[in-house]
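Below is one structure; the comments refer to it alone.
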Amino acid sequence: MRNGIFTIMRKELSRFFGDKRLVVSILLPGILVYVMYSFMGSAMGSNFGVDEDYVPTVQAVDLPASMEALLPQTGFAVVVAADEAAAKELVTAQELDLLMVFPKDFDETVAAYQAASGSPAPNVELYYNSASTNSTFTYQTVVALLDTYEAGMVNKFDVNAGGEGYDLATDEDSMGSLFAMLMPMLLMTFLYSGCAAVAPESIAGEKERGTIATMLITPIRRGDIALGKILALGVISTISAASSTIGTVLAMPKLMGKAVEGMNASIYGVTDYLLLAAVIFSTVLVLVTLISILSAFAKTIKEAQTYAMPVMLLSMGLGLSGMFGGGASQELWAYCVPLYNSVQCMTGVFSFSVLPVGVAITVAANAAVTLLGVFVLAKMFNNEKIIFAR
Amino acid sequence: MSEKKELLQVQALTKTFQLSSKQQKLEKTKEKVRTAVDHLSFTAYEGEIFGLLGPNGAGKTTTLRLLSTLIRPNSGDALVDGFSVVKEPDQVRSRIGFLTSELKLEDCFTPNYLFDFFADLHGVAPSVRKERKAALFARFGIDKFAEVKVANLSTGMKQKISLVVSIVHDPDIIIFDEPTNGLDVITAKVVTDFLEELKHEGKTILVSTHIFSLIEKLCDRVGIIISGKMILCDTLENVCGGMSLEDRFFEIYKETVGDEE
């Protein structure tokens, strides 16, 4: 590496690591993400769950004998409704969880009913309150019970009786597809935030403070300044993105709750992580280059942050596309388009279907875009209208 | 004088700026382009101090920025030790030291770090750098503050550090824009004494100022710029013609501006 590039890189890095506040500002998001996601996970869990020792209250009108025998299975407190209208009001007021209204002589009617006759089947009415978690839970339990009862009456065959052991996807695959859905979007967002936190400060900030001209007065090549800055910013942004990513991965089991018990990032091997690291670093370089070029047009850091907004929308939008894309693309052209290619590679790595040649193309395409950007930035550094814009 | 090497040759240098509509209104003018430097020519010889004298807005700073390659001329050229500011700006940059209030140092670094950083950008060898730093820091009393962040230093000390940083590469041509502006009398004297020292070392120095006494004290030759044009350029003696520089300047100013109005 040429000396000039190295000198600029060293300066950018020591400026950054010499300032404790800046260091905290890139590490903090990771910690915040962890705390926030863990909190969200536990808040959502308590919101949609019912306390284990809660006993739902149910009232019934014309409760048939068959149900009288069946309902105790649920452990619910079932009493006969004295007044249907009053019971409905109790459900509305969330003081009663469920009101069951059976047709008169339910058992006889059901036994006599012929499905082929075309006349409407006997209807059981269940009144519940969807605004109450307990009521919804009670309703769902009773519906399931009635469905089972109905199925038992005309049972000719079962499908997957017992339910366990039929899904042959490994736990790894299920976790992988979950990671593949969420992580590209989160990663793209984190990568953008990491870059946006440092690039405007380094380019527009130096313009604003008048320190860039002091550098431009020396014989160092403009290309060396541009490349040195972009590489250093890339390193810093990657650290920042890594902090947020680690925070997310650690918080993921808490966010997802019991559904993915035991879910963690140890399902991926060293190769996966190395491929991911290559994709992330090359993506960061593209983002830093784009934001740096936009920042060079800006007169102040604030202005630069505004100019960078479209890049944010682009990278988050592409990240979202990974959520609905149906897995990593198998078409090689998809790996030639910067940022889009990153999402494809990330989806691939997380779902265990990565194309190594795709990653190679991605890294090469991103490197090419970065070099082109360095060239543009160097030209901009030579342009007095841009550097000395007032 | 004429057998001395012509280290700086300025040839019909011209620079124009676009006026924004706001400026046009402010100055009540319809012209869209303002000529800041108008076919300016002069020569500075090796080992002399050349002073550019002119009122505010005359084009002094623009001229110096053109010579230091920060901005490019619309037409004309300047040769710095034989290298064109238009065609070989890199060569020019490695031969000049430029000091102006416009060039700032990053607050978060120490003088020690900044000296090394700029020495690296100029490609100064580490051993030479160390020696030069020790000498310059001692000369300006920076050694005591070598490890204090620039942000925490006084204005005078900052100016001294800017000066030292601008000559880390020991350039043969030194261009100082208003070198004593904003300095107290003591620091100003340190700077002017140093300029004389540099001259005795054989350096060529170009200073811009509107302070007559500074020109009288330091300069061998002087160029008077008014409205971007070189009105008079000669040795200090010849320019003054027995008068004080101040009286002579106002005489010239009246003639010139009177002519134009």
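Because the structure is a prediction, the values reported are computed rather than measured.
Between chain A and the options B:I71, B:V92, B:V168, B:I96, the largest number of non-hydrogen pairs under 4.5 Å is found for B:I71. Across B:D90, B:D107, B:D120, the residue that shares the most heavy-atom pairs under 4.5 angstrom with chain A is B:D120. Per-residue counts of heavy-atom pairs under 4.5 Å with chain B were compared for A:I220, A:D19, A:I225; the largest is that of A:I220. Interface remark: of the candidates A:E206, A:M215, A:K11, A:R209, A:K11 forms the most heavy-atom pairs closer than 4.5 Å to chain B. Each of A:T218, A:N383, A:I387, A:N382 has some count of heavy-atom pairs under 4.5 Å with chain B, and the biggest count is that of A:T218.
Inspection of the A:T248 and A:Y37 side chains reveals no N or O donor paired with an N or O acceptor under 3.5 Å. Side chains of B:Q23 and B:S20: a donor on one and an acceptor on the other come within 3.5 Å. Between the side chains of B:E147 and B:N112, at least one donor N or O sits under 3.5 Å from an acceptor N or O. Under the 3.5 Å distance criterion, with hydrogens and angles disregarded, a donor-acceptor pair is assigned to the side chains of B:D184 and B:T187.
For the atom pair B:L183 CG and B:E178 CD, the distance stands at 11.0 Å (nearest 0.5 Å).
Interface residue B:R72: backbone and side-chain heavy atoms are both found under 4.5 Å from chain A. Looking at B:F117, both its backbone and its side chain come within 4.5 Å of chain A, counting heavy atoms on both sides.
Relative to the six-membered ring of B:F17, B:K15 meets both conditions, a distance below 6.0 Å and an angle of at most 45° to the axis.
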